[in-house]
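See below for the structure under consideration.
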Protein chains: 2
Amino acid sequence: MCVIISLTEENYLKAIYTLSHLIDESEVSTNQISDHLNNKAATVTDMLKRLAEKKLIHYIPYQGVKLTEKGRQTAIKVVRKHRLWEVFLVDKLQFKWDEVHEIAEQLEHINSDELIQRLDKFLGKPKFDPHGDPIPDANGQLNIVKAIPLNQHKIKGMFTFVGVCEHSKTFLQHLTSIGLKIGDTLKVEEINEFDNSCKVKINKNNSQFFSNKVASNILVEIKK
Amino acid sequence: MCVIISLTEENYLKAIYTLSHLIDESEVSTNQISDHLNNKAATVTDMLKRLAEKKLIHYIPYQGVKLTEKGRQTAIKVVRKHRLWEVFLVDKLQFKWDEVHEIAEQLEHINSDELIQRLDKFLGKPKFDPHGDPIPDANGQLNIVKAIPLNQHKIKGMFTFVGVCEHSKTFLQHLTSIGLKIGDTLKVEEINEFDNSCKVKINKNNSQFFSNKVASNILVEIKK
DNA sequence: TACAAAATTTAGACTGCTCTAAAAATTTGT
DNA sequence: ACAAATTTTTAGAGCAGTCTAAATTTTGTA
Ligand SMILES: [Mn+2]
Ligand SMILES: [Mn+2]
Ligand SMILES: [Mn+2]
Ligand SMILES: [Mn+2]
């Protein structure tokens, strides 16, 4: 029942969870995990055997892995903690959105159900983290976000900026430097066929060009 | 210069720091550390060698250990983090003072100078933790507390309750159950010679008896 | 379909931290 | 002063998590 799950095991489970949700809900390969965690493939294989032993994953050698229900619950709890702590760091301690990820990587492993419940309440039971990612509730339920990258819409018009695909410090800082933050209104005024760049007005400000690379990492909803 | 100090090593340094301050600033023995951390003496010897190697302690086999300046700075930083997090848990998340120690034992190892500086500011740069223990400042300076256990005063009169010696959950809960909290005024009305118990009025409430054991774990200052 | 390339696992080793059992050093008591 | 008791260290081992090198399995393509 009450198997102890180490910090390292939590990180593997979170990696498998994240990787399996990148596209569909598919199986995750050893090399994918190895790349994601910066460990060697042999190390990953070793850990996969231990996680399977603990019934946290379904593992068939050479065939990739999937989380069991127990593994999924564990992973999603880590994600919940990570995102709640990020909200704390930004909302309460005034960190910038590009500064919080590394600290949250540590805080996500603090083990106390009471703590996380009280933190959630203290923060006003937020539904999204500072990057627009949904925060799973205490039961592991997650708002499915139907947002799509800006460049996939292929139409002019009004959008709301609700999240990012890319979470790197440099990308987040770039968005800050062009004056873009979660919740802003984007008006796409032109789309250039040849390179998929677009001319965009942020809120009521001057228009500027977004490269396809930028537009592909900005998640938007069509503005009602 | 920038030697990495593991969570385990931090706990050893904190233990040595705490034990060396119990009475005077004396050397700490292998068995003291072993008792304090619930590790075997052989395990401690092993770790002492590694800490000495990293210049965090002065270690002479069979003669006990002392922190180096670097070791002391590391230990005191952990203590600072522990106590700041306890303030956070009590002041912001409404935990009771007997519920926070175990969680702070985890949080004290989160590694981010920026985080601790912002947390300190967020909490209003507190000078004491929920148990009355002083919080070292960012430079490792600590208010020396001149408080003395109630039973050592041996005189009637008015005192202020400023801290506890014993930090166990059961003792803290006992104090709560008799309605005693940090900052309360204690009026010692009687002292019984034969068992050193005393009759005490808390603030303006009814008087009650404190056993010597209770009185020996309550730190007070004479009320001005 | 066969075979080369890529992915994955196995084998063997190392570090950090822990243990037990035994040896050595120190302290204590008479 | 010295034997007994206590403390501390040494020796040898195990587990978790990591690595490199080699073997094995799967995949993609000629
Ligand atoms: Mn993050
Ligand atoms: Mn995030
Ligand atoms: Mn504490
Ligand atoms: Mn405390």
Side-chain angles (χ1 to χ4, degrees), chain A residues 2-16 19-20 22-23 26-67 71 74-75 78 105-106 108-109 111, chain B residues 2-16 19-20 22-23 26-67 71 74-75 78 105-106 108-109 111:
Chain A
C2 243
V3 169
I4 287 161
I5 298 170
S6 74
L7 183 150
T8 310
E9 288 168 338
E10 283 192 346
N11 280 334
Y12 273 88
L13 293 174
K14 188 172 67 135
I16 295 166
L19 292 168
S20 77
L22 278 192
I23 309 180
S26 58
E27 308 218 310
V28 177
S29 74
T30 302
N31 266 3
Q32 277 181 288
I33 300 170
S34 152
D35 285 356
H36 191 79
L37 296 178
N38 282 305
N39 278 339
K40 297 297 165 182
T43 306
V44 173
T45 300
D46 227 69
M47 178 57 90
L48 294 183
K49 286 190 213 156
R50 262 176 285 146
L51 292 174
E53 190 68 39
K54 288 188 174 184
K55 311 276 188 207
L56 294 163
I57 60 172
H58 298 293
Y59 170 53
I60 306 167
Y62 296 100
Q63 306 293 284
V65 296
K66 258 168 49 180
L67 294 174
T74 306
V78 175
E105 286 289 304
Q106 297 181 60
E108 72 188 5
H109 301 291
N111 182 9
Chain B
C2 241
V3 169
I4 286 160
I5 297 169
S6 74
L7 183 150
T8 311
E9 288 168 339
E10 283 192 346
N11 280 335
Y12 274 87
L13 293 174
K14 188 172 64 135
I16 295 165
L19 292 167
S20 78
L22 278 190
I23 308 178
S26 57
E27 309 218 311
V28 177
S29 73
T30 303
N31 266 3
Q32 277 181 289
I33 300 169
S34 150
D35 285 357
H36 191 80
L37 296 179
N38 283 304
N39 279 339
K40 298 297 164 179
T43 306
V44 173
T45 300
D46 226 70
M47 179 57 90
L48 294 183
K49 285 189 215 155
R50 261 176 286 144
L51 292 174
E53 190 67 38
K54 288 188 175 184
K55 312 274 189 209
L56 294 163
I57 60 172
H58 298 292
Y59 170 53
I60 306 166
Y62 297 101
Q63 306 294 282
V65 296
K66 257 169 47 181
L67 294 175
T74 307
V78 175
E105 286 290 304
Q106 296 182 59
E108 72 189 7
H109 301 291
N111 181 9

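A note on names: the letters A, B, ... follow the listed sequences, proteins ahead of strands, and every chain is numbered from 1. Below, all heavy atoms of this structure are taken into account, side chains as well, without hydrogens, waters or symmetry copies.
Checking dT9(C), dA16(D), dT18(C) against the side-chain heavy atoms of Thr30(A) singles out dT9(C) as nearest. Of the candidate nucleotides dG17(D), dC17(C), dT10(D), dT10(D) has the atom lying nearest to any side-chain atom of Lys49(B). Comparing dC19(D), dG17(D), dT26(D) by their closest approach to the side chain of Tyr62(A) singles out dT26(D). Checking dT7(D), dA7(C), dT18(D) against the side-chain heavy atoms of Asn31(B) singles out dT7(D) as nearest. In this structure, the nucleotide among dT18(D), dT18(C), dA11(C) sitting nearest to the side chain of Asn39(A) is dT18(D).
Put simply, CG on Leu37(B) is 13 Å from P on dC17(C), counting in whole angstrom units. If you take CG of Asp35(A) and P of dA6(C), they are 15 Å apart, rounded to a whole angstrom. In this structure, the OH atom of Tyr59(A) is 16 Å from the P atom of dA7(C), given to the nearest Å. Taking atom CD on Gln63(B) and atom P on dA25(C), their separation rounds to 13 Å, with Å as the unit.
A salt bridge between Lys14(B) and Glu9(B) is absent, with no side-chain N of the basic residue lying under 4.0 Å from a carboxylate O of the acidic one.
In this structure, Asp46(A) reaches the bases: a heavy-atom distance under 4.0 Å links it to at least one base atom across the strands shown. Here Thr45(A) lies in heavy-atom contact (under 4.0 Å) with a base. Among the protein residues, Thr43(A) comes within range of the nucleic acid bases, having at least one heavy atom under 4.0 Å from a base atom.
Ile57(B) and Leu48(B) make their closest contact through CD1-O, 3.4 Å (heavy atoms, listed as atom of the first residue, atom of the second, distance). Among all heavy-atom pairs drawn from Ser34(B) and Asn39(B), the shortest one is OG-O, 2.7 Å.
Checking Ala41(B) against Lys40(A), the closest nucleotide of DNA chain D that is more toward the 5' end is the one next to Ala41(B). Comparing Ser6(A) and Ser29(B) by the nucleotide of DNA chain D whose heavy atom lies nearest to each, the residue mapping closer to the 5' end is Ser29(B).
The backbone N or O of Ser26(B) sits nowhere less than 3.5 Å from a side-chain atom of Ser20(B) that would complete a donor-acceptor pair.
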